[in-house]
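Residue numbers begin at 1 in each chain, while the letters A, B, ... track the order of the sequences. Atom set for the values below is all heavy atoms of this structure, side chains included, hydrogens, waters and symmetry mates excluded.
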Amino acid sequence: MPGRKPHKIRLEDIPKENPLKAPEGYFEDFTMRLHDRIAREEAQQTETGKPWWQTARSQMALAASLLLLAVFAYGIMRFIPFERFSKNINYAEAVENNLENYDIDLLSDYYDVNATPESTPEDTAYTTAVITYLVNEDVDLGLIMEDLH
Amino acid sequence: MQEYSEKELVRLFKEYNEKEKAFNLIVMRYRERLYRHIRQMVFNHDDTDDILQNTLIKVWKNLDNFREESNLFTWIYRIATNETLTFIRNSRRSRFAPWESVEQTLSHTLVDDEFFSGDAIQKKLQEAVAALPEKQRLVFTMRYFEEMKYEDMSAILSTSTGALKASYHHAVRKIENFMNED
């Protein structure tokens with residue numbers, strides 16, 4: 001009819017129905033399919049869900065062996081005193097070659113200056129005995145000091 | 001068959017070593033409602049099937065830790081809603097046709113879906129729903145199609161009933177405008 005406003009659609013005019021239907025028989029086997037999937041996921045999880053220290057056991061053993069080897073090698077390089085051997089050799093040579101030159105007063109002064117505050121009378125007696133020994137053996141104490149430093 | 005209450009089902013699942021039986025009863029009780037809820041949000045049946053299974057697998061894995069602060073139905077619905085929203089957001093990120101909005105994609109999904117059985121006006125209504133923003137679509141679907149109480153929706157969506165009513169009202173207005181477009 002001319003001049004008549006077109007009918008405006010309102011929500012309540014539309015019949016309420018659900019056109020989004022599940023396929024026929026979908027729910028009949030749904031629970032079974034769901035359990036299948038749960039079983040699959042749990043089996044997968046058991047496979048991949050082992051604690052990492054179990055799955056990586058062999059790699060960890062290898063890494064530990066390599067680490068141990070590295071530490072061992074470092075220990076050998078760092079702590080076995082190759083240089084001290086050579087110093088001892090120099091020291092022995094110095095002792096042998098300089099027996100006649102020594103200065104007992106210089107040596108005593110040196111030990112007094114370097115005495116630590118914790119030095120006990122026993123330490124001092126021991127030091128004196130060492131000095132006396134070295135003096136009696138004609139050792140060049142200046143060279144020994146050089147070698148030790 | 002004995003009709004268990006929600007609390008009894010949870011207890012059965014947790015305490016009496018009848019996990020599978022309790023779970024099956026839960027699945028049978030809620031699967032169709034959950035299916036409708038999810039399908040109304042994603043439209044496509046295969047996606048719905050995936051999301052529904054994911055939801056129920058989460059229920060299976062987590063029901064032991066369910067603290068019963070809400071009722072079982074609310075808890076499961078919340079999981080389904082979160083799974084659905086996550087799916088929609090992931091689809092948005094990995095969409096095949098990035099020039100289309102998610103709503104347009106959903107609308108096309110609806111037109112192409114072989115399991116859509118409505119007439120022209122139903123199709124148009126679904127397209128109008130698909131054009132709504134995600135949260136409004138959720139509120140509209142739960143209220144209009146699932147006829148859920150605002151109080152239940154509030155518990156599921158953690159939103160006040162006032163905000164839900166306002167959201168529904170806006171959704172209805174948008175849908176009616178869409179329906180009256182040429």
Would you mind checking if [Y] and [X] are paired as a salt bridge, meaning a charged N to carboxylate O distance below 4.0 Å?
X	Y	value
B/Glu146	B/Arg33	no
B/Lys61	A/Glu41	yes
B/Glu151	B/Lys149	no
B/Glu3	B/Arg29	yes

Where B/Tyr4 and B/Glu8 come nearest, the two heavy atoms and their spacing: CA-OE1, 3.4 Å
message: Less than 4.5 Å to any heavy atom of chain B: does that hold for the side chain of A/Phe27, its backbone, both, or neither?
response: both
- prompt: Mind checking which of residues 62-71 of chain A sit less than 4.5 Å from chain B, heavy atom to heavy atom?
  reply: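 Residues of residues 62-71 of chain A touching chain B at under 4.5 Å: none.
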field: Test applied, ring pair (Phe, Tyr, Trp, His ring centres under 6.0 Å); reference residue, B/Tyr168; option that passes from B/Tyr144, B/Phe140, B/Phe145
entry: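 Per the ring pair (Phe, Tyr, Trp, His ring centres under 6.0 Å) rule, the option paired with B/Tyr168 is B/Phe140, out of B/Tyr144, B/Phe140, B/Phe145.
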task: Could you check A/Tyr26 against B/Asp49 for side chain to side chain donor-acceptor pair (under 3.5 Å), going step by step and ending with a plain yes or no?
output: CA-CA 9 Å; A/Tyr26 168 71; B/Asp49 181 45; 2.6 Å; yes
- line: Scored by heavy-atom pairs under 4.5 Å with chain B, the best of A/Thr31, A/Asp13, A/Leu34 is A/Leu34
